[in-house]
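Below is the structure I would like to discuss, written out as structure tokens.
Bear in mind that the values here come from a model prediction, so they are computed numbers and not experimental data. Each chain gets a letter, A, B and so on, in the order its sequence line appears, and its residues count up from 1.
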Amino acid sequence: MPLGKNDDMFNKRIKIRELLATEPAGQEVTVMGWVRTFRNNQFIALNDGSTNNNLQVVLELGKFPEETLKRITTSASLKITGTIVPSLGKGQKMDLNAATLEVLGDSDAEKYPLQPKKHSLEFLREIAHLRFRTNTFGSVFRVRHSLAFAIHQFFNEKGFVYMHTPIITASDAEGAGEMFRVTTLPIDGTAPKNEDGSINFKEDFFGRSTNLTVSGQLEGELGATAFGEIYTFGPTFRAENSNTTRHLAEFWMIEPEMAFYDLEDNMNLAEEFIRYIIKYAMEHNREDLEFLSQRLAEEEKALPQDKRSEMGLIEKLEFVLNNNFERLTYTDAIEILRESNHNKKKKFQYPVTGWGMDLQSEHERFLVEKHFKKPVILYNYPAAIKAFYMRQNDGCAPGQQTVAAMDILAPGIGEIVGGSQREERQENLENRMKEIGIPVEELWWYLDTRRFGTVPHAGFGLGFERMVQFVTGMTNIRDVIAFPRTPGSAEF
RNA sequence: UCCCCUUUAGCUCAGUUGGUUAGAGCAUCUGACUGUUAAUCAGAGGGUCGUUGGUUCAAGUCCAACAGGGGGAGCCA
């Protein structure tokens, strides 16, 4: 097939987003897209997914045969050639006066489920394979794309190495929740067994028991202690029976891991990172964000006054760009919560008992949404409520051992980032592992980072879908991933 | 996994203290009109009231179980 011969190409179309940015001056163009509405047997609102804005195609009366007009139904796909002129109508700046029109694919109007009207997000979730054709999901997924792209750009500019950590892992040593087992052994009870009756995984595909990854962090630390700075960005799986608006069984996570970073460096990076990708979306997806902002405002009209956001979506994002996150220690947070009127009036479901307690989401929400009214970074948590690999802080008061952990809490979402400086001292790390029953032998490869040239290092994990929720204002996490996997649900 | 709410036409919803033939808007179809903007106007078709069982002379309506959906909690990202 000859290359570079544009005349032979089927697709010489101009994208509608690009076309709408030009001035209408009688130019001849070809567009392709899907019908959103067909009014008056004369006006087609054509959408090609490049933007929520439709192109108005004008059909001269009598020019096209009746049989063709009948086929211009919602979501039918069309190829149209014609000239671009200033619109005579008020809703748009240009019209495409159609010279030729070809129906590429019909769409049976009686069966097509989307209508030119408002649909509930719940209904659209049931037709997740078609919901991209709506304005809301068009905007959400274009923004999701931009955020993903910005993430790579941010780390690339900083010289981080993008590391692909394994999806299938053998380590189940982290104790981070339920895992999905990966096996080729039969499930009908005929799998080979050991003498004690347990499954003999030596006979399995990998010769051992394997699972889908719950985090790439431990592998990430291996990369960081060689490249200096790495990040992962990939799918993560949790088999927890969580049924909430912010949990998925399959989600995407970004996990940077940096050698020669302490906790403060870590917080600085996380904050800069979040701001960078929001800014990127604000600059590249302004229209989509404005649409989503309007959608959210509309949705919140149905809520009682006290449940509505104080800021609009755009306003909130600008606020995050222009204001530093509030940073405070766990210990200070407990004090604030204890002294709050909310607590004194016993309005917390879980009373603030004092130092050492795990913060409940109502406490986090109080700090973020009521007290500080901005994103908050909490750090230096009690060791007892945090993971084994977090660095033990020196010089803690007796009975108040803390670790160099930090969580970033966002309004409306809750925890969006969890990170820490890692325990780089081999002895401390091993002692801690033994204390909480994590098999030291199984993680021999991880501990090698501490054996051979250990360095202070830190990292964090950011839930991508929660970030997309924050930026798009979508309240249910199932609406920011194309095909959500949740307990009891894996359609499509 | 626990608690609460919910399920009526393709969609969004009404449906009274249990009482005759279950309604509306939008969508769809037919026709009219033709510079429309979720076009408008006229007409038509469309329902095993989530499923199963129970109470009752009588159940869309009351009760129970199950299933789907939503919200909250826990776990976390």
Side-chain angles (χ1 to χ4, degrees), chain A residues 36-45 53-62 69-70 73-74 85-92 95 97 107-127 134-135 174-178 214-217 233 235-255 270 302-303 307 348-350 358-365 385-387 407-410 413-419 460-470 475-481 486-489 491:
Chain A
R36 280 287 172 84
T37 62
F38 185 33
R39 285 185 292 269
N40 228 355
N41 238 1
Q42 202 180 355
F43 301 97
I44 303 169
N53 296 315
N54 302 320
L55 176 68
Q56 171 151 289
V57 179
V58 182
L59 309 185
E60 195 184 313
L61 285 168
L69 297 182
K70 283 241 187 284
T73 53
T74 306
V85 297
S87 180
L88 300 176
K90 279 195 176 145
Q92 56 284 317
D95 287 347
N97 284 336
S107 173
D108 186 340
E110 282 191 75
K111 295 191 180 130
Y112 186 66
L114 291 169
Q115 305 153 22
K117 62 168 268 190
K118 197 168 237 172
H119 290 291
S120 68
L121 295 174
E122 290 81 6
F123 171 66
L124 293 172
R125 229 170 270 153
E126 286 169 20
I127 50 166
T134 63
N135 283 338
E174 287 177 68
E178 291 296 306
V214 293
S215 162
Q217 183 203 311
F233 184 2
T236 308
F237 308 87
R238 306 266 167 97
E240 268 140 30
N241 193 4
S242 302
N243 295 287
T244 78
T245 53
R246 52 191 190 285
H247 288 88
L248 290 164
E250 176 182 293
F251 63 101
W252 288 66
M253 190 153 62
I254 297 102
E255 294 180 289
L303 298 176
K307 298 251 174 167
F348 285 123
Q349 192 192 334
Y350 295 86
D358 210 347
L359 295 179
Q360 305 294 320
S361 52
E362 60 172 342
H363 302 135
E364 296 180 347
R365 272 209 311 278
I385 58 173
K386 286 290 178 183
D407 284 355
I408 301 183
L409 311 175
I413 314 281
E415 186 177 343
I416 198 163
V417 163
F460 62 85
L462 176 134
F464 185 52
E465 282 76 17
R466 288 189 185 172
M467 192 66 217
V468 180
Q469 277 188 279
F470 184 73
T475 48
N476 193 316
I477 201 166
R478 290 161 207 156
D479 295 330
V480 298
I481 188 166
T486 52
S489 171
E491 186 82 35

Are the side chains of A:Phe38 and A:Leu59 in touch, meaning some heavy atoms are under 4.5 Å apart?
yes
What residues, two or more places apart in sequence or in another chain, satisfy side chain to side chain contact (heavy atoms under 4.5 Å, CB included) together with A:Ser107?
A:Thr73, A:Ser75, A:Ala76, A:Tyr112
Could you tell me the separation between the NZ atom of A:Lys90 and the P atom of B:U37, rounded to a whole number of Å?
11 Å
Distance check needed: B:C29 C1' versus A:Asp108 CG, whole Å only.
11 Å
Side chains of A:His119 and A:Ile127, heavy atoms from C-beta outward: is any pair under 4.5 Å?
no
Mind checking what makes side chain to side chain contact (heavy atoms under 4.5 Å, CB included) contact with A:Glu250, not counting sequence neighbours?
A:Phe237, A:Arg485
So A:Leu88, base contact, sugar-phosphate only, or nothing? Heavy-atom distance under 4.0 Å.
base
Tell me the interatomic distance from A:Arg39, atom CZ, to B:U36, atom P, rounded to whole angstroms.
10 Å
With the six-membered base ring of B:A77 as reference, does the ring of A:Phe251 sit under 5.5 Å away with planes under 30° apart?
yes
Need one value for A:Phe123: base, sugar-phosphate or nothing, where a base atom within 4.0 Å counts as base even if backbone is also close, heavy atoms only.
sugar-phosphate
Rounding to 0.5 Å, atoms CD (A:Gln360) and CZ (A:Arg365) come to a distance of 11.0 Å
To the nearest Å, give me how far apart CG (A:Leu124) and C1' (B:G10) are.
13 Å
Write out the stems for RNA chain B, ordered by first number and formatted as range with range, counting runs of at least 3 consecutive Watson-Crick or G-U wobble pairs under 3.5 Å.
B:1-7 with B:67-73, B:10-13 with B:23-26, B:28-32 with B:40-44, B:50-54 with B:62-66
Taking CG from A:Leu121 and P from B:C11, how many angstroms apart are they, rounded to a whole number?
15 Å
Tell me whether the OP1 or OP2 atom of B:A38 has a side-chain N or O from A:Thr37 closer than 4.0 Å.
no
May I have the distance from A:Gln92 (atom CD) to B:G35 (atom P), rounded to whole angstrom?
15 Å
Output a table of nitrogen or oxygen pairs between the protein and nucleotides 72-75 of chain B separated by less than 3.5 Å.
from: B:G72; atom 1: OP2; to: A:Thr245; atom 2: OG1; distance (Å): 3.4
from: B:A73; atom 1: OP1; to: A:Ser361; atom 2: OG; distance (Å): 3.4
from: B:A73; atom 1: OP1; to: A:Arg365; atom 2: NH1; distance (Å): 3.0
from: B:A73; atom 1: O2'; to: A:Tyr350; atom 2: OH; distance (Å): 3.2
from: B:G74; atom 1: OP1; to: A:Gln360; atom 2: OE1; distance (Å): 2.7
from: B:G74; atom 1: OP1; to: A:Ser361; atom 2: N; distance (Å): 3.4
from: B:G74; atom 1: OP2; to: A:Ser361; atom 2: OG; distance (Å): 2.8
from: B:G74; atom 1: N2; to: A:Asn241; atom 2: O; distance (Å): 3.2
from: B:C75; atom 1: O2; to: A:Ser242; atom 2: OG; distance (Å): 2.7
from: B:C75; atom 1: N3; to: A:His247; atom 2: NE2; distance (Å): 2.9
from: B:C75; atom 1: N4; to: A:His247; atom 2: ND1; distance (Å): 3.4
from: B:C75; atom 1: N4; to: A:His247; atom 2: NE2; distance (Å): 3.1

Give me the distances for all protein-to-nucleotides 24-27 of chain B N/O pairs that come in under 3.5 Å?
from: B:G25; atom 1: N2; to: A:Lys117; atom 2: NZ; distance (Å): 3.4
from: B:A27; atom 1: O4'; to: A:Gln115; atom 2: OE1; distance (Å): 3.4

Applying a 4.0 Å non-hydrogen cut-off, can you work out what A:Gly461 is touching in the nucleic acid: base, sugar-phosphate, or nothing?
sugar-phosphate
Provide, to the nearest angstrom, the distance between the CD atom belonging to A:Gln56 and the C1' atom belonging to B:U36.
7 Å
What protein N or O atoms touch nucleotides 65-69 of chain B N or O atoms at under 3.5 angstrom, if any, and at what distances?
none

Can you measure from OG1 (A:Thr74) to CG (A:Asp108) and round to the nearest 0.5 angstrom?
11.0 Å
For A:Phe38 and B:U37, give me the distance from atom CZ to atom P, rounded to whole Å.
15 Å
Any N or O donor-acceptor pair linking the side chain of A:Asp95 to the base of B:G35 at under 3.5 Å?
yes
